[in-house]
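The structure appears right after this line, and notes come after that.
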Amino acid sequence: MAYTNSSMVAYTKLSSNHSGQRTHSIDRITPHCVVGQLSAESICSCFVSSSVQASCNYGIGTDGRVSLCVEEKNRSWCSSSNTNDQRAVTIECASDKAEPYGMNSTVYANLIKLCTDICRRNGKSKLLWFADKNKTLNYAPKSDEMVITVHRWFANKSCPGDWLYARLSDLAFKVTAALGSTTDTPSADTSVLYRVRKTWADSKSQKGAYKILANAKKCADENAGYSVFDESGKTIYASASGLSPYMVRVAIADLNIRRGPGTNYAKTGQFTGVGNFTIMEESAGQGASKWGRLKSGAGWISLDYCNRV
Ligand SMILES: [Zn+2]
């Protein structure tokens, strides 16, 4: 397929910071936060000097206008990954200067339009977002699929910032809908993304962002010292802070497993059986001096029937 450029482009100032023609066809889009509420022109001017050693294919200025810095046919220097940039169209979006690197609604609306246009011209009918680095980088897109990747997977930085990261599912959904396709990935309700980090302020420590709380808890359990935060930064789960998982011995065969820490929670109908079990979290609760949450995810048991081993 012949490479073209977007007709949305309102300003062109080509940068010489690129590697020439791509060695891989386009099947990724990597949106970035440019760290500043810059105009379309200013985004291009960031990449004019050869000493900068950086560029992007497109910029979206703070008023939503689109600029072209590196033609789509060429590999830009944008995402700290040769492999990624060979196959990705890179887009620098006007953003605030600090986390969460917020973007205004015009920039976001035009990012949706530009991604739709890029997909359409490159023969794609779906834009996919997996929210998972390994899954994405190991995924072989079908011929009509475009996949979103993010700079933070390739370098120790927050880019595209938490504001846009939280909307990538929404972006993929809206672009796919505009292309006339449907997708299995539902539009994310951005108010319910659960983030796993060491602390809320330390966004670079983020292990993942999950729509399902249980998955976020599991991730926190697997990473000592990590907690789960809601969209506002409130800690909603902190199993690993203050408590290292430990092993207990259960000597009775019929110790009930309950859905929560207390006899006021329903029995799951399962018993631990005799054996050794790993406790991930402790809690006070009715009917026992202390309750422990099983690593298996099966539920909670009374620690009165356990001996630490
Ligand atoms: Zn970036």
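Order of listing sets the numbers, starting from 1, for every ligand and every atom in it.
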**Report entry** Neighbour count above 12 (heavy atom, 6.0 Å) for Tyr305 OH
**Finding:** no

Report task. Sort and list the pairs that fulfil side chain to side chain donor-acceptor pair (under 3.5 Å) and have at least one residue in residues 106-122, not counting sequence neighbours. Result -> Thr4-Arg121, Ser6-Asp117, Glu72-Arg121, Glu72-Asn122, Tyr108-Asp170, Asp117-Arg121

Query - Axial cation check for Tyr165 ring with Arg152, 6.0 Å and 45° limits - result: yes

Query raised in the report: Could you go step by step and tell me if Tyr139 and Phe130 meet the ring pair (Phe, Tyr, Trp, His ring centres under 6.0 Å) rule?
Result: CA-CA 10 Å; Tyr139 184 76; Phe130 297 124; 4.8 Å; yes

Query raised in the report: Pick from Arg22, His24, Arg28: which one makes a side chain to side chain contact (heavy atoms under 4.5 Å, CB included) with Ile26?
Result: Arg22

Report task. Return the set of protein N, O or S atoms whose distance to the Zn ion (ligand 1) is under 2.8 Å, each given as residue and atom. Result -> His32 ND1, His151 ND1, Cys159 SG

Query raised in the report: Does NZ or CZ of Arg195 lie under 6.0 Å from the centre of the six-membered ring of Tyr210, at an angle within 45° of the ring axis?
Result: no

